[in-house]
Trainee: 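Before I ask anything, let me first share the structure, which is written out below as C-alpha cells.
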Amino acid sequence: MVNIRLKDGTIKEYESGVTVYEIANDISGGLARVALGATVNGKTFELNDKIECDSEVSILTFNDDEGKRIFRHTSSHILAQAVKRLYPDVKLAIGPAIENGFYYDFDADFVITQEILDKIEAEMKKVIKEDLKLEKFYLPRDEAVKFMEEKGEPYKVELINDLQEDASISFYKQGGFTDLCAGPHLQSTGKVKAIKLLSVAGAYWRGNENNKMLQRIYGSSFTKKSELDEYLNMLEEAKKRDHRKLGKELDLFSIQDEGPGFPFFHPKGMVIRNELESFWRKIHVRNGYKEIKTPIILNEELWHRSGHWDHYKENMYFTKIDGENYAIKPMNCPGGILVYKNKMHSYRELPIRLGELGLVHRHELSGALHGLMRVRNFTQDDAHIFMTPDQIKEEVLGVIRLTDYVYKLFGFDYHVELSTRPENSMGSDEDWEHATNSLIEALNAAKLEYKLNEGDGAFYGPKIDFHLKDSIGRTWQCGTIQLDFQMPERFDLSYIGPDGEKHRPVMIHRTIFGSIERFIGILIENYAGAFPVWLAPVQVQIMNITDNQINYVKTIENKLLDDDIRVEVDLRNEKIGYKIREAQMEKIPYMIVVGDKEMEKGVVSVRHRKLGDMGTMTIDEFLDMINQKINGKVAE
RNA sequence: GCUCAUGUAGCUCAGUCGGCAGAGCACUACCUUGGUAAGGUAGAGGUCACCGGUUCGAUUCCGGUCAUGAGCUCCA
C-alpha cells in the first residue's frame, strides 16, 4: 500500500501501482474527466503513470500551467502527425508547448502558405476525431537512431545523438505516427477539443543563425471551443492597444521611411516624454543623484579604451571630423566616466550618483526593429554610481527600490532576470564572481524572485534586468542594474581613501525606464492610450454648444491655462455629440461643455471619458478636482 | 541579417484575369446654432513604395531595391 497526500492535505491509502487517473477518479468523477496529469513529488506524471511509493500528488487540469503544457504538447504532436500525413517528405525538428500555445518546426522544400495551413488544420481535426491513443515506449540508443534513420528524420537522429549517455530514450506513438519525445502527454488525441493554427514563421534549427532556417507553425489549443474563441478575441482586443496603432491614431509619434528605427516625436508625444522626464528628475534629486549631459559624438580612441571597440563595434555608428575618427555613442558610460575623472575624489564624496538622459544610437538588425520598443536611437534614463566596494549592496538595493517604486506607480507587473558572464567579455573570473554574488545578495535582501539568464550579461559585468509586458504579453527589458569592475580599471578611476592612498571605485550602470521610447511604448499599451491625467497630452477639452458662448469658453480656457492645465478648445460649428465623440476617441480625460445655461450661472458641465456626465460645478471646483488627480498621479 | 507575407488618397481598405483608379472617415466651402459618442450639400486630394524588364500599352506580369508586419537571431 502507498500513502498519497493530496493538495488539500488529506492522506489516502491506495494499492501500490495505482495510476494517477485512478486517484483522480477516486476523488471525483468530475475531476477524472478534466484531469490531464498530475504533479507527483514535484515531477509531472501522465494519467496512466503508476505510483509505487508514498507521494504528494496534485491532479493537474487545464487551469494549471503544467496541465496546459501537457495538453499543448500533445497538440503539437497532432500538428506533426497531420503534416506527415499530408506531406510525408517533410522533416520534423522540434515541437514544444509554449506560453499560450505550441509550435512545431518543419523542414519542407516548399513554402507553407495560408492554404496549406488550412489544409493541415483540417487534417488535425481528423486526427482529433479519430481519438488516437498515445502509447509510450523506450528504445536503446542504437535502435532509436536506427528507427529515426529509417524514417528519414535527420533532425531527430541529431537530437538522439546529443542526448546524455544515461538518458532513457522515449517515443510516443499515436496511430501511424511516432515521435521522439520525453513527454508527458495526454492519453489520446480526442481530448483536444479546440485547436487553431495561427501563423508560420522562419526559425533557425536549434536557434543558431548558422543553421538552416526551418518553417515554424504556431498554434494554440483549448479544452473548449469557447475558450479558444475567448483567446482569439483577446488577441484581437490586444491588437487595438498596439502602441504603433495608437501612436498614429493619437498623433504621438511616427516612424518614417527616411529614418527606419529613428522615431519622430509629435507635440502630443512630447508632452508625455517631458512629463516622464520631469518626474524622473524629481525622484532622482530626491534620491541623491546629480544630473549630467555628455556628448553624442566622441573620439574613437575613447571607445578603444572602454572596450566597446572590441566588444560592441558591430552595433556602433562612426563618423569622421577633420580627418579624425569619431564614434556616435551607443552607451553613456564612457562620457560619465570622463566627468568623474575630471577631478580628484575623496571617499567622503562616495557614492557619487551621476544621472544622464542620454541619447544613444545602436545599429540594431533591420528585422529586429519594432515601433518604439526596439529602435536605433533612444534616450536612456541612465545613471552611473561610483562607490567603494563596501557600498555595493546598499547601492544596488537603492536602485531596486527606486525601480520598484516607479513600476508600482504605473501599476506595472514586472519580472526580474539575473544575467551572468557572457562568452565575449572582459575581466577576471574572480571579479565576475564577486560582482554576480553582490547582485544575488541584493536581490535576496530585496526578497525579489528572479530568473537566471546564464551568459546574457553585459561585456563588462553581470546585470539585473527588469522586464515589462506589452499588450500581447511579449516582455521587454526596461530597467537594468549592471555591476562593473572593468571600466574603473580601464579608465584608472580612483578615489582617495581615509588612508590618504588612491583606491579603485566600483561602478553601477543603471536605468529605470530603460529607454524613454520603449517605456512610452509600454505605457501606451498598458493604458490603451487612455493616459492618467498627469500624463495626458490634452487634459481638458472645452466645447461650446453655440457661438453664443465663445467668449465664455475663452475665459475658462485662460483660467485653466493660468493653472498650467493642458487645455484645448473646440469652437467648431458642430453638434455637441459630434465634438464629444471626437474628444472621446482622443481619450481626453475631461471634457467641459458650456451652453447658455452654464454661462448664465457661471459654471461648467464636466464630462469624464469613462464616468460620463458628472454634472455642473464651478471652475474652481473643477480645478481642485483635476489638480488633485494630477498631483497625486492618480491612475484614472 | 535570415524566412515568409505586405506596400493603392492624411487614415482604414476595395479594385484592375494588362487598357488613362474607387469607398468610408478626415480635410475645405456653404447650409444648419444644434445640449452629452457621427446633421446636410458640394469640393479638393493619388507618378497605385522606388528602380529596371516584358508589352502597342504596366498600378496589375517578371527582377531588383527600400520600408513595414510575424517569427528567428540580437538586445534598452
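Sequence lines set the chain letters: A, B, ... in the order given, protein chains first and strands last, and positions in each chain run from 1. In what follows, every heavy atom counts, from backbone to side chain, and hydrogens, waters and symmetry copies are set aside.
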Trainee: Is the backbone N or O of A/I545 less than 3.5 Å from a side-chain atom of A/Q549, with the two atoms forming a donor-acceptor pair by type?
Mentor: yes
Trainee: Check the interface with nucleotides 34-44 of chain B: list each N/O to N/O pair with the protein under 3.5 Å, or write none.
Mentor:
unit_1 : atom_1 : unit_2 : atom_2 : d
B/rG34 : N7     : A/I545 : O      : 2.5
B/rG34 : O6     : A/N573 : OD1    : 3.4
B/rG34 : N1     : A/N573 : OD1    : 2.6
B/rG34 : N2     : A/N573 : OD1    : 3.4
B/rG35 : O6     : A/D596 : N      : 3.2
B/rG35 : O6     : A/K597 : N      : 3.2
B/rG35 : N1     : A/E598 : OE1    : 2.8
B/rG35 : N1     : A/E598 : OE2    : 3.2
B/rG35 : N2     : A/E598 : OE1    : 3.4
B/rG35 : N2     : A/E598 : OE2    : 2.4
B/rU36 : O2'    : A/R607 : NH1    : 2.9
B/rU36 : O2     : A/R607 : NH1    : 3.3
B/rU36 : O4     : A/S605 : OG     : 3.3
B/rA37 : N6     : A/Q584 : NE2    : 3.3
B/rA38 : N7     : A/R581 : NE     : 3.1
B/rA38 : N7     : A/R581 : NH2    : 3.2
B/rA38 : N6     : A/R581 : NH1    : 3.4
B/rA38 : N6     : A/R581 : NH2    : 2.5
B/rA38 : N1     : A/R581 : NH1    : 3.2

Trainee: Rounding to an integer number of angstrom, what distance separates B/rU16 and B/rU68 when you compare their P atoms?
Mentor: 29 Å
Trainee: Establish, yes or no, whether the cationic atom of A/R72 lies under 6.0 Å from the six-membered ring centre of A/F102 and within 45° of the ring axis.
Mentor: no
Trainee: Considering only the C1' atoms, how many Å lie between B/rA44 and B/rA9, rounded to the nearest integer?
Mentor: 11 Å
Trainee: Suppose you measure atom C1' in B/rU6 against the same atom in B/rC48; what distance do you get, rounded to whole Å?
Mentor: 14 Å
Trainee: Near A/R216 CZ, under 6.0 Å, is it more than 12 heavy atoms from other residues, nucleotides or ligands?
Mentor: yes
Trainee: With rounding to the closest Å, how many angstrom separate the C1' atoms on B/rC17 and B/rA76?
Mentor: 50 Å
Trainee: Determine the interplanar angle of the A/F622 and A/Y590 rings, folded into 0 to 90°, and report it as parallel if under 30°, tilted if 30 to 60°, perpendicular if over 60°.
Mentor: perpendicular
Trainee: How far, in whole Å, is B/rU8 from B/rA49 if one measures between their C1' atoms?
Mentor: 10 Å
Trainee: Between the base of B/rG71 and the side chain of A/Y204, is there a donor-acceptor distance below 3.5 Å?
Mentor: no
Trainee: Closest nucleotide of RNA chain B for A/K463 versus for A/D257: which of these residues is on the 5' side?
Mentor: A/D257
Trainee: Which whole number of Å gives the distance between the P atom of B/rC50 and that of B/rC66?
Mentor: 16 Å
Trainee: Looking only at atom P, what distance separates B/rG39 and B/rA26, rounded to whole Å?
Mentor: 9 Å
Trainee: Where the side chain of A/S306 meets the backbone of A/H308, is there a donor-acceptor pair that is under 3.5 Å apart?
Mentor: yes
Trainee: With Watson-Crick and G-U wobble geometry limited to distances under 3.5 Å, how should the secondary structure of RNA chain B be encoded in dot-bracket form, using | for bases paired to another strand and [ ] for crossing pairs?
Mentor: (((((((..((((.....[..)))).(((((.......))))).....(((((..]....))))))))))))....
Trainee: Determine whether A/Q584 and A/R609 make a side-chain contact, defined as any pair of heavy atoms from C-beta on separated by less than 4.5 Å.
Mentor: yes
Trainee: For the pair A/R510 (side chain) and A/D381 (backbone), establish whether a donor and an acceptor sit closer than 3.5 Å, ignoring hydrogens and angles.
Mentor: yes
Trainee: Return the value, rounded to whole Å, for the distance between atom NZ of A/K212 and atom P of B/rC4.
Mentor: 12 Å
